[in-house]
2 protein chains.
Amino acid sequence: MNQAPNLVNTLSSELTDTLRDAIITGEIAQGSKLSETKLAKQMDVSRGPLREAIRRLEGMNLIHHIPQQGARVVKLHMNFVLQIYEAREALESKAVALAAVNMSSQDIDELHRLIDAQAKHLKETSGASIPAESDYAFHQALIQGSKNDVIEHALLQEIYGLIKMFRYQNEAARTSSTNSLIEHRQIVYAIEQRDAVLAETTMRRHIVHARDRIEQRFHREHISSAAKENKPFN
Amino acid sequence: MNQAPNLVNTLSSELTDTLRDAIITGEIAQGSKLSETKLAKQMDVSRGPLREAIRRLEGMNLIHHIPQQGARVVKLHMNFVLQIYEAREALESKAVALAAVNMSSQDIDELHRLIDAQAKHLKETSGASIPAESDYAFHQALIQGSKNDVIEHALLQEIYGLIKMFRYQNEAARTSSTNSLIEHRQIVYAIEQRDAVLAETTMRRHIVHARDRIEQRFHREHISSAAKENKPFN
DNA sequence: TAAGCCCTTAATGTTGACATTTTCAGTCTT
DNA sequence: AAGACTGAAAATGTCAACATTAAGGGCTTA
């Protein structure tokens, strides 16, 4: 009598989620040290599960750990953010190319539902930006549509945590309105046509656009500053 | 009086390396369970550091862990291997495109040294295959030449462990002789010309070739077997 | 004989204490 | 006053024991 896919949350996995969210939202600041003893007291758990959570977050690129010195939250330098988007470009463009081949028609229907929800939201709020959660849901559906576990793991576990962190802590980095929706439609259209090359190209452009907006915004805000590469982004 | 970048190996990191090698070589078989209690006794350590090592290997995709049930070594199905190579294709082709822009001339000199060593080896052994270590060194130099930490991490921590595991446990999957060397030369040439597009295209072809050889070999060896996708590779 | 239940056993999850290393403040020396 | 040394305090690394959950064998029963 089991079968049920274990909703049982182990303490260590709960801690992972809690810390992950705290890092993404900036509740735990970039570059700040994660003291095991302090956190353990503060959250009223022992250090064992906490250490495991930290190891996992290390694997998610959210934390940098130095032996015998402890763990720190990563800092989102401009260069680092651009590197994140380069990795995302490589992986997610490949993901949609595979999705164009591997998605079922039910999977594609789901894409339409997600896009329609975005369109409805834009209409109702008359042109504001797409909610972050809705955008993630769309991209996640695409990524899972690739049916490639390795790419899915790399994107969802290693890349998207960083992207969420960056977007959450940078007001202006939220996905921009109608342009994104148009690009989303183009991607779904390409997948519907089972056109892997078109899907890949369109997604690549979608991400490069996002990357370019970030770069331009940074240059606008730090025009006269030297050594801009090593300055923290916000 | 320190500065020295800490050669001090913590026990948990030593365990990580030991287990990693044991998994890659097949000393610990694919799909077999990693019992914490048994391993701890066997290696004469406590379970704490061992658990951390297992978490890290989990992040490297070498181990699959199910809460309350334990950890198992991954199985290299054909489909999984092909997925690994698809992820590698996406990431490493982007890596060399970036390397063509970002590598210093000293970095490129190093590439030449690595290739010359391969050529020398082929000459001396008259056409045998390039040693695995030499091939890894070359690809690692390229990847690090991208100067992109995210891509580097994804490839070196998540992908290459699996590739080494696959190659080590499949005699015939070793890199094949002179063709590879030619392709290596072409990649270095493209980087020297600072031609990102050419470098990317050449690397993509290099990896697709490897992937195709794997697929063909599998089909040759399992012609009449149904459900070949879910059969373990070796 | 096969299916289901119970109980024993063993494994994973968690905790608190101990060991070792790092950090840092205070002192001393030049 | 600047720098190096010393020692106390705190942090990370490690260990062994406890708690809880899953796994396996034997029994009963249909």
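Proteins get letters first, then strands, A, B, ... in listed order; numbering begins at 1 in each. Everything numeric here is computed off the predicted structure, so don't read it as measured data.
No donor-acceptor pair under 3.5 Å is formed between the side chain of B/Ser134 and the backbone N or O of B/Pro131.
Atoms CG (A/Leu50) and C1' (C/dT15) sit 13 Å apart, rounded to a whole Å. The distance between atom CZ of A/Arg55 and atom C1' of D/dG13, rounded to the nearest whole Å, is 10 Å. Rounded to whole angstrom, the span from the NE2 atom of A/His64 across to the C1' atom of D/dT12 amounts to 16 Å. For the pair B/Arg51 CZ and C/dA11 C1', the computed distance is 10 Å after rounding to whole Å. Straight-line distance from the CG atom of B/Leu15 to the P atom of D/dC15: 9 Å, rounded to whole Å. Protein atom CD of B/Glu52 is 15 Å distant from nucleotide atom C1' of C/dG13, rounded to whole Å.
By the 30° and 60° cut-offs, the orientation of the rings of B/His139 relative to B/Tyr160 is tilted.
Taking 4.0 angstrom as the limit, B/Ser46 places none of its side-chain polar atoms (N or O) nearer than this to OP1 or OP2 of D/dA16. Contact annotation: A/Thr10 reaches the phosphate of C/dT14 (side-chain N/O to OP1 or OP2, under 4.0 Å).
Counting all heavy atoms, side chain and backbone alike, A/Val74 lies closest to A/His64 at CG1-N, 4.3 Å. The minimum heavy-atom distance between B/Ile159 and B/Ala87, with the atom names listed, is CD1-CB, 3.8 Å.
A side-chain N or O of A/Ser12 and one of A/Arg56 form a donor-acceptor pair less than 3.5 Å apart.
Across its full length, the helix from C/dT1-D/dA30 to C/dT30-D/dA1 shows an angle of 20° between the axes of its 5 terminal pairs at either end, rounded to 10 degrees.
Base engagement by A/Gly48 is indicated by at least one non-hydrogen atom pair under 4.0 Å involving a base atom. As judged by a 4.0 angstrom heavy-atom cut-off over every strand, B/Ile54 is placed among residues making no nucleic acid contact.
Between A/Glu89 and B/Lys94 there is a salt bridge, since a side-chain N of the basic residue sits under 4.0 Å from a carboxylate O of the acidic one.
For the pair A/Gly70 and B/Arg47, both in contact range of DNA chain D, the more 5′-proximal nearest nucleotide belongs to A/Gly70. Nearest-nucleotide positions on DNA chain D for A/Ala71 and B/Lys33 put A/Ala71 closer to the 5' end.
Relative to the side chain of A/Pro49, the nucleotides C/dT22, C/dA11, C/dT14 differ in distance, and C/dT14 lies closest.
Partner of A/Glu110 under the side chain to side chain donor-acceptor pair (under 3.5 Å) criterion, out of A/Gln106, A/Arg113, A/His112: A/Arg113 alone.
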